[in-house]
Q: 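The structure's right below; bear with me while I get my questions together.
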Amino acid sequence: MTEGDGMATVELRFSALPEHVRTARLVAAAVARRAGVDEAVLDEVRLAVGEACSRAVGLHISNGVTAPVRVSLTEDEKKFSIEVGDEAPRAVTGHTAEGDAATADALSGDDAGAETDDEMGLAVISGLVDDVEVTSDETGGVIRMSWPTATASAVS
Amino acid sequence: MDLSLSTRTVGDRTVVEVGGEIDVYTAPKLREQLVELVNDGSYHLVVDMEGVDFLDSTGLGVLVGGLKRVRAHEGSLRLVCNQERILKIFRITGLTKVFPIHTSVDDAVTATD
């Protein structure tokens, strides 16, 4: 199997602990830079992957899931993709967040708890990333995001 | 990588100078600091974010929590920030409408509106 056959360029699995989220951000930014993602967008990649990982860590902790959080970073000719997967089961399928709605929820709640952080995290991701997909089912959830690489924007 | 916090009093305001990264790991430290200040009777807070390298939604949640605490005592929570990448996070979450954001600590400690 060669690169481009759907195999991730770099894969990361880490224990669902807050202290490891920074490591995931650093690795994602380094691989994105190497893949040719524009320097100006690297901050967004760092923030978005951090939000996705924080959310996954929070879901694992609150659901008592001992499995690691998965991050796969894939570089192809036109884009750089990140998938962050958790194994926290939930009944809902498909979920998107709107920034203002999440903010209103955060302010109306009694305290800035895990749930509002979760919604605000999704609001940040959807505000930052044009190409994003959030899915979940009874086995867990996945956030898929992608950014164009410099070579792609040069030819288009 | 870590979060640095220092506080000082300017008139009736308490300035909290934050440095480093505010994320899911470090945000609880900031939350503790804000809770402690409010419990000690400091209801007019200025959070100086000029030394912040990274801020995520967990950090936003802590700031919103701090705002709610000071508002319960008719207090205020003002931010100082000139960094575009940090300001952007406040904008996309709609929080620029919630927090007064100032360009300098001097401006924030004298603001009354």
Side-chain angles (χ1 to χ4, degrees), chain A residues 14 16-26 29 39-61 69 97-129, chain B residues 1-4 19-35 38-39 45 47 49 52-72 76-77 79 81 83-101:
Chain A
F14 64 91
L17 295 169
E19 52 264 52
H20 300 318
V21 172
R22 181 174 189 264
T23 304
R25 287 202 303 268
L26 294 172
E39 282 292 321
V41 187
L42 287 178
D43 272 339
E44 295 176 10
V45 173
R46 206 182 337 256
L47 183 56
V49 77
E51 293 291 355
C53 289
S54 302
R55 180 171 178 272
V57 166
L59 287 166
H60 277 209
I61 290 173
V69 170
E98 289 290 334
D100 285 347
T103 306
D105 286 351
L107 287 169
S108 62
D110 287 335
D111 205 341
E115 212 165 290
T116 58
D117 280 352
D118 176 33
E119 287 181 36
M120 201 122 70
L122 284 177
V124 169
I125 291 171
S126 42
L128 277 179
V129 190
Chain B
M1 82 174 270
D2 233 348
L3 185 74
S4 68
E21 301 190 339
I22 312 176
D23 74 351
V24 66
Y25 179 53
T26 61
K29 272 171 70 180
L30 178 61
R31 179 182 284 123
E32 278 167 34
Q33 173 76 84
L34 296 179
V35 168
V38 174
N39 287 347
L45 306 178
V47 179
M49 317 262 298
V52 172
D53 305 315
F54 181 87
L55 173 73
D56 73 3
S57 63
T58 327
L60 292 177
V62 167
L63 293 172
V64 170
L67 180 65
K68 281 195 274 191
R69 283 195 171 80
V70 294
R71 275 187 180 168
S76 61
L77 193 157
L79 303 175
C81 183
Q83 300 187 69
E84 184 49 39
R85 60 179 179 173
I86 305 284
L87 290 169
K88 182 175 184 176
I89 305 163
F90 285 95
R91 272 201 300 271
I92 60 179
T93 50
L95 289 172
T96 44
K97 288 173 250 164
V98 174
F99 290 104
I101 301 178

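What's counted below: heavy atoms across the whole structure, side chains too, no hydrogens, waters or symmetry copies.
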Q: By a 4.5 Å heavy-atom criterion (distance strictly below it), what part of A:Ile125 contacts chain B: side chain, backbone, both, or neither?
A: neither
Q: Looking at A:Met120 and B:Ser57, what are the two nearest heavy atoms and their distance?
A: C-CB, 3.8 Å
Q: So which heavy atom on B:Leu60 is nearest to which on A:Val124, and how close?
A: CD1-CG2, 4.3 Å
Q: Quick one: CG on A:Leu122 to OG1 on B:Thr93, what's the gap to the nearest 0.5 Å?
A: 13.0 Å
Q: With heavy-atom distances below 4.5 Å as the criterion, would you say the side chains of A:Arg22 and B:Thr26 are in contact?
A: no
Q: What is the minimum heavy-atom distance between B:Asp56 and A:Ser54, and which atoms define it?
A: OD2-OG, 3.7 Å
Q: By a 4.5 Å heavy-atom criterion (distance strictly below it), what part of B:Leu55 contacts chain A: side chain, backbone, both, or neither?
A: backbone
Q: Just checking, A:Arg25 and B:Phe54: is the charged tip under 6.0 Å from the six-membered ring centre and within 45° of the axis?
A: yes
